J.: 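I am attaching a structure below and will ask some questions about it afterwards.
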Number of protein chains: 2
Amino acid sequence: MGTRKQSSTYTRNEKLIINCNMSYAVHVIGGRWKLLLLDKIRKGTSRYSDLKKEFSYISERMLTLQLKSMEQDGLIIRNVFAEVPIRVEYTLTPAATELIPILDLLSTWGSKQRALQGDNS
Amino acid sequence: MGTRKQSSTYTRNEKLIINCNMSYAVHVIGGRWKLLLLDKIRKGTSRYSDLKKEFSYISERMLTLQLKSMEQDGLIIRNVFAEVPIRVEYTLTPAATELIPILDLLSTWGSKQRALQGDNS
DNA sequence: TAACTAACTAACATGTTTGTTCGTACCACA
DNA sequence: TGTGGTACGAACAAACATGTTAGTTAGTTA
């Protein structure tokens, strides 16, 4: 991933925070496009080009960065088919599958909360 | 909060993403110290100085920024007591209280996932 | 009038994330 | 030999988040 300055307060604090399981979980799904991608992949195995097509507003750099990060964090599996042209498919890991219902709860909460906030601010 | 450049791709994309309730929810709890603060406040009304003492490694600037942001997003309530010296107490809103059990699920998931990842990477 | 406390606030510096543009590897097929 | 498609990667720039330091307000007490 991006090279990090191990000595910075920023990075030290991040490590500190990630000791908290809750923060760790949020950290793992916190990248800008991760939830969108997870949501798409959960609905069916997707190849790189599918994602690229569906999310044309995500730059290819971000797309690969987020996918790689999720792969490293054990959320998705990357399957390479040595065809020509090459084919790469992404699937959820069991761990990510367990996460989905929690995300659904978050989604419901978010919807309610947004409505509440809309009312009075 | 920090002034934002309304025209940047960064900001445009953020708005785009926040239309997703899931992303909105994660966005609302996604600040670096928010979960820690929520967790403390949920265990009992806390005054500013309590938080400052407990989290001595959080700079005062960050402390106030995160608190203010959570207040704006309807997660906490800020009560000012016009005593001398002044006293400010923070409490969870009902919405945040509903969020807590979801965060607990996330925490459990995080713990399991961290263990899994520790095993094979 | 000066010192003291709580709870901030402003200005600036650093570091990280995200976005933009261009280029690469691989093999097939014309 | 050149073109085409897929799935990336590298270098750079812009914007944002976080961290550091010093200062502010209001009232009270010495």
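Just so you know, these numbers come straight off a predicted model, no measurement behind them. Letters go in sequence order (proteins before strands), and every chain restarts at 1.
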J.: Rounded to whole Å, please give me the gap between CE in A/Met62 and P in D/dC8.
T.: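 That distance rounds to 15 Å.
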J.: Please work out if B/Tyr90 contacts a base, only the sugar-phosphate, or nothing of the nucleic acid, heavy-atom cut-off 4.0 Å.
T.: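 Touches sugar-phosphate only.
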J.: Need to verify one output field. Residue with the more 5' nearest nucleotide on DNA chain C, A/Lys5 or A/Ile58?
T.: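 This one resolves to A/Lys5.
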J.: Students often get this wrong, so: under 4.0 angstrom with heavy atoms, is B/Arg78 touching a base, only sugar-phosphate, or nothing?
T.: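 It contacts sugar-phosphate atoms only.
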J.: Rounded to the nearest angstrom, tell me the gap between atom NZ in B/Lys15 and atom P in D/dC16.
T.: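 For the pair B/Lys15 NZ and D/dC16 P, the rounded distance is 10 Å.
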J.: Categorize A/Gln66 for me: base, sugar-phosphate, or nothing, with a 4.0 angstrom heavy-atom threshold over every strand shown.
T.: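 Sugar-phosphate, backbone atoms only, no base.
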J.: Taking the six-membered ring of B/Tyr10, is NZ or CZ of B/Arg4 closer than 6.0 Å to its centre and within 45° of its axis?
T.: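 Geometry flag: not set, cation outside 6.0 Å or 45°.
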J.: Starting from the 5' end of DNA chain C, give me the residue, A/Ser7 or B/Ser49, whose nearest nucleotide shows up first.
T.: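 Upstream on the strand: B/Ser49.
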J.: Indicate if B/Trp33 and B/Leu63 have the same hydrophobic cluster label, given that clusters are the connected sets of ILVMFWY residues with side-chain heavy-atom separations under 4.5 angstrom.
T.: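 The answer is yes; both residues are in one hydrophobic cluster.
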J.: Quick one: pull up OG1 in B/Thr91 and CG in B/Leu75 and give me the separation to the nearest 0.5 Å.
T.: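 Output value for this atom pair is 12.5 Å.
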J.: Verify the contact: side-chain N or O of A/Asn13 to OP1 or OP2 of D/dT18, cut-off strictly under 4.0 Å; return yes or no.
T.: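 For A/Asn13, the contact criterion (side-chain N or O under 4.0 Å from OP1 or OP2 of D/dT18) is not met.
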J.: I'd like to know if the side chain of B/Gln6 reaches the main chain of B/Thr11, judged simply by a donor and an acceptor atom lying under 3.5 Å from each other, with no hydrogens or angles considered.
T.: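 Answer holds: no.
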J.: What is the distance, to the nearest angstrom, from the CZ atom on A/Arg87 to the P atom on D/dC8?
T.: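 Rounding to the nearest Å, CZ of A/Arg87 and P of D/dC8 are 13 Å apart.
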J.: Which whole-number value in Å describes the distance from B/His27 NE2 to C/dT18 P?
T.: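 That distance rounds to 11 Å.
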J.: Determine yes or no for a side-chain-to-main-chain donor-acceptor pair under 3.5 angstrom, with A/Thr97 supplying the side chain and A/Thr93 the backbone.
T.: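 Between the backbone of A/Thr93 and the side chain of A/Thr97 there is a qualifying donor-acceptor contact (under 3.5 Å).
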J.: Could you tell me whether a side-chain N or O of B/Arg114 sits under 3.5 Å from a main-chain N or O of A/Asn19, the two making a donor and an acceptor?
T.: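 Confirmed, B/Arg114 side chain pairs with A/Asn19 backbone.
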J.: Angle between the end axes of the helix from C/dT1-D/dA30 to C/dA30-D/dT1, five pairs per end, to the nearest 10 degrees?
T.: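 Between the first-five-pair axis and the last-five-pair axis there is 30°.
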J.: Measure CD/A/Glu60 against P/C/dT18 and give the value in whole Å, please.
T.: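 Taking atom P of C/dT18 as the reference, CD of A/Glu60 is at 17 Å.
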J.: Provide, to the nearest angstrom, the distance between the CG atom belonging to A/Leu16 and the P atom belonging to D/dT18.
T.: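 These atoms are roughly 15 Å apart.
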J.: With a 4.0 Å cutoff (strictly under), does any side-chain N or O of B/Lys68 reach OP1 or OP2 of C/dT9?
T.: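 Indeed, a polar side-chain atom of B/Lys68 lies that close.
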J.: Where the side chain of A/Val84 is concerned, which of C/dC27, D/dA7, D/dA15 is the nearest nucleotide?
T.: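 Minimum distance to the A/Val84 side chain belongs to C/dC27.
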J.: Round to a whole Å and report the spacing from CZ of B/Arg12 to P of C/dG19.
T.: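 These atoms are roughly 10 Å apart.
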J.: Output the rounded distance in Å from CZ (B/Arg4) to P (D/dA14).
T.: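 Interatomic distance, CZ of B/Arg4 to P of D/dA14: 18 Å.
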J.: Are A/Thr11 and C/dG15 close enough that a side-chain N or O sits under 4.0 Å from OP1 or OP2?
T.: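 No.
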J.: I want to confirm an ordering. Mapping A/Thr9 and A/Thr64 to their closest nucleotides on DNA chain D, which one lands closer to the 5' end?
T.: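 So the residue in question is A/Thr64.
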J.: Quick one: which of D/dA15, D/dT28, C/dT18 gets closest to the side chain of B/Ser8?
T.: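 Given the options D/dA15, D/dT28, C/dT18, the side chain of B/Ser8 is closest to D/dA15.
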J.: With a 4.0 Å cut-off on heavy atoms, is A/Arg61 in touch with a base, just the backbone sugar-phosphate, or nothing at all?
T.: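 Counting heavy atoms under 4.0 Å across all strands, the contact made by A/Arg61 includes a base.
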J.: Are the side chains of B/Gln113 and A/Tyr24 in touch, meaning some heavy atoms are under 4.5 Å apart?
T.: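 A side-chain contact under 4.5 Å exists here.
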J.: D/dG19, OP1 or OP2 - any side-chain N/O from B/Trp33 closer than 4.0 Å?
T.: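 So the side chain of B/Trp33 is within the cut-off, an N or O lying under 4.0 Å from OP1 or OP2 of D/dG19.
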J.: Within the structure shown, what part of the strands sits under 4.0 Å from A/Ser59 by heavy-atom distance: base, sugar-phosphate, or nothing?
T.: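 Base, at least one base atom sits under 4.0 Å.
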J.: For A/Arg47 and D/dA7, is the shortest distance between a side-chain N/O and OP1 or OP2 below 4.0 Å?
T.: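 Result: yes.
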J.: Apply salt bridge (charged side-chain N to carboxylate O under 4.0 Å, His left out) to B/Lys34 and list each qualifying residue two or more places apart in sequence or on a separate chain.
T.: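 Not a single residue meets the salt bridge (charged side-chain N to carboxylate O under 4.0 Å, His left out) criterion with B/Lys34.
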J.: Flag the pair A/Asp50 and A/Arg47 as a salt bridge only when some basic side-chain nitrogen lies within less than 4.0 angstrom of an acidic carboxylate oxygen.
T.: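 A salt bridge is absent here (no side-chain N lies under 4.0 Å from a carboxylate O).
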J.: Using heavy-atom distances to pick each residue's nearest nucleotide on DNA chain D, tell me which of B/Tyr10 and A/Asp50 is more 5'.
T.: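 Nearer the 5' end of the strand: A/Asp50.
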